[in-house]
Number of protein chains: 2
Amino acid sequence: MSALRTLYERADVVPLLAEIFRELGFEGATLSRITERTGIGKGSLYHFFPGGKEEMAAAVLAEVDTWFEQFVYEPLRRDDPAEAIAAMWKNADAYFRSGGRICLVGAFALDETRERFATTINDYFQRWIDALAGALVRSGRPASEARAAAENAVLGIQGALVLSRALDDKALFKRALDQMAKRLITS
Amino acid sequence: MSALRTLYERADVVPLLAEIFRELGFEGATLSRITERTGIGKGSLYHFFPGGKEEMAAAVLAEVDTWFEQFVYEPLRRDDPAEAIAAMWKNADAYFRSGGRICLVGAFALDETRERFATTINDYFQRWIDALAGALVRSGRPASEARAAAENAVLGIQGALVLSRALDDKALFKRALDQMAKRLITS
DNA sequence: CTAGTTGTGTACTGATAGGTACAATGCGTT
DNA sequence: AACGCATTGTACCTATCAGTACACAACTAG
C-alpha cells in the first residue's frame with residue numbers, strides 16, 4: 001500500500017547539500033529548493049540538522065575542509081614536496097571539475113555569509129597557504145619568497161574559478177592551472 | 001507640519017544599491033534590507049526601477065561596466081600601453097578599495113545569479129581581457145603570450161579579492177597586485 | 001499661484017521563507 | 001512477530017518576501 005521511500009543517513013545528505021549551496025549560494029539555497037532538488041523532505045533535513053540551514057552549511061564546510069586536509073594539506077606537509085605540489089594541482093583540477101564546480105569557501109567569503117563562517121573560511125585558506133609555503137621551503141625555496149608564492153597559487157585557483165565561470169570556459173581553467181603550476185616551481 | 005524628506009533621482013540611487021548588492025549578494029539583498037540601509041522607500045525604488053530587484057541589479061551592473069569601460073578598457077585601447085597598464089593596477093586598487101570592496105560581476109558569476117546576467121558578466125571580463133591583451137601586444141609582447149598573460153592578470157585580481165576577504169587581510173591584496181603588476185611587464 | 005510632473009510613505013496583496021509538531025513508516029534486534 | 005529507534009511526509013506556524021496601489025508632497029514651469 002505504501003509508496004517506496006528512500007532512507008538516508010546524514011553522511012549521504014551532506015554531498016547533496018554541498019552541490020546545492022555551490023550552485024545557489026547560502027541565501028539562494030532555500031529549504032524548498034533543497035527538498036525539490038534532492039527529494040529529501042523537511043522532516044529528514046531537520047532530523048539530521050536540527051540547527052537548520054546554518055547547520056547544513058556548516059556540515060558541508062566541515063566536509064570540504066576534511067577533504068582538503070586529507071588530500072591536499074596533509075600531503076603537502078608530509079610527502080615529497082615536488083610530488084605533493086604536483087598532486088595539489090591535479091587534485092584541484094579534479095575537485096573543481098576543471099572549473100565546472102566552484103569553491104564554496106571562496107564563494108561564502110565574498111558576501112555577508114562570511115560573517116557566519118568567518119573562522120572556518122579563514123582557517124581553510126590559511127592552512128592551505130601554510131602547507132604550500134612549507135612544501136616550497138622544503139623544496140629549497142627561500143622562506144622570504146615562499147609565502148607570497150603560495151598565496152599567489154591559492155589566489156590563482158580562486159580567480160580561475162571566477163573567470164572560467166564568468167566566461168563559461170573550462171579550457172581557460174585548465175590553461176590557467178597549468179601556467180600557475182609551471183610558474184610555481186620555476187620562478 | 002511635514003517632516004523633511006530627501007528627494008532622490010535614479011542616478012543617486014544606483015551607487016547605494018551597488019554597495020548593498022556587493023555586501024549581500026543578489027539573493028541576500030532583500031527589498032526591506034535595501035530600504036533599511038539606504039532609507040529609500042519602496043515607493044521610490046519601484047518608481048525608479050519598475051522591473052524590481054532584477055532591474056536594480058542590472059542598473060548597477062551597467063554602471064560598473066561604464067566605469068571600467070571609461071577608466072580601464074578605453075585607456076588600454078587608446079593610450080600608451082605601459083602607462084595604461086600601470087593606471088589599470090592603480091585604478092583596480094582604488095576601485096576595489098584595496099580588497100575592502102568586492103567585484104560584483106565576479107560575485108554574480110559564482111552562483112545562479114550568473115544565469116540572469118550571463119551576457120553582461122561575460123562581456124565585462126571579455127572586454128577587459130581583450131583590451132589588456134591588445135595593450136600587451138602594442139607594447140611588444142608576442143600575441144601568442146599576450147592573451148594568457150591578460151587572462152592571468154584579470155583572474156589574479158578576482159582571486160586576490162576572494163582571498164583578501166577570506167583572510168580579512170587588505171595587505172595581501174596590495175601585495176598580490178604589486179607582484180602581478182611586476183610579473184605582467186617582465187615575464 | 002496654480003498645473004503638471006516627479007518623487008515618496010503607507011498600507012496592502014499573495015506567495016514563500018525558515019522552522020515546528022507529530023503521527024506514521026521502515027529497519028535491526030530479539 | 002513485536003519491540004524500539006531512526007527516519008520521513010504532512011500539516012501547520014509566523015515572519016518576511018517581492019510587488020502593487022494610491023494618495024500625498026515637493027519641485028518646476030507657466
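Only this structure's heavy atoms are used, side chains among them; waters, hydrogens and symmetry mates stay out. Computed from a prediction, not measured in an experiment: that's the story for all the values here. By convention in this document, chain letters (A, B, ...) are assigned in the order of the sequence lines, proteins followed by strands, and residues within each chain are numbered from 1.
When the C1' atom of C:dT16 is taken as reference, atom CD of A:E36 falls 13 Å away, rounded to whole Å. Atom P of nucleotide D:dT20 and atom CZ of B:F48 are separated by 17 Å, given to the nearest angstrom. Atom pair A:L45:CG and C:dT20:P shows a separation of 13 Å (rounding to whole Å applied). In this entry the distance linking CD of B:E9 with C1' of C:dT5 reads 14 Å, nearest Å.
Between the side chain of A:K42 and the base of D:dG9 there is no donor-acceptor pair of N/O atoms closer than 3.5 Å.
Cation-pi geometry between B:R101 and B:Y95 is met: under 6.0 angstrom from the ring centre, within 45 degrees of the axis.
Nearest-nucleotide positions on DNA chain C place A:A29 closer to the 5' end than the other of A:A29 and A:G43.
Remark: the backbone N or O of A:A133 is not paired with any side-chain donor or acceptor of A:R141 at under 3.5 angstrom. Looking only at distances, a side-chain donor or acceptor of B:R114 sits under 3.5 Å from a matching main-chain atom of A:R165. At least one donor-acceptor pair closer than 3.5 Å links the side chain of B:D12 to the backbone N or O of B:E9.
The side chain of B:K53 lies closest to D:dG19, out of D:dG19, D:dT7, D:dA26. Relative to the side chain of A:L7, the nucleotides C:dT8, C:dG19, C:dG26 differ in distance, and C:dG26 lies closest. Picking from D:dT20, C:dG18, D:dT8 the nucleotide with the shortest atom distance to the side chain of A:Y46 gives C:dG18. Taking every side-chain heavy atom of A:S32 into account, C:dA17 is the closest of D:dT7, C:dA17, C:dG18.
Contact annotation: B:T30 side-chain N/O to D:dC17 OP1/OP2 distance is under 4.0 Å. Between A:H47 and D:dT7 there is a side-chain N or O to OP1 or OP2 distance below 4.0 Å.
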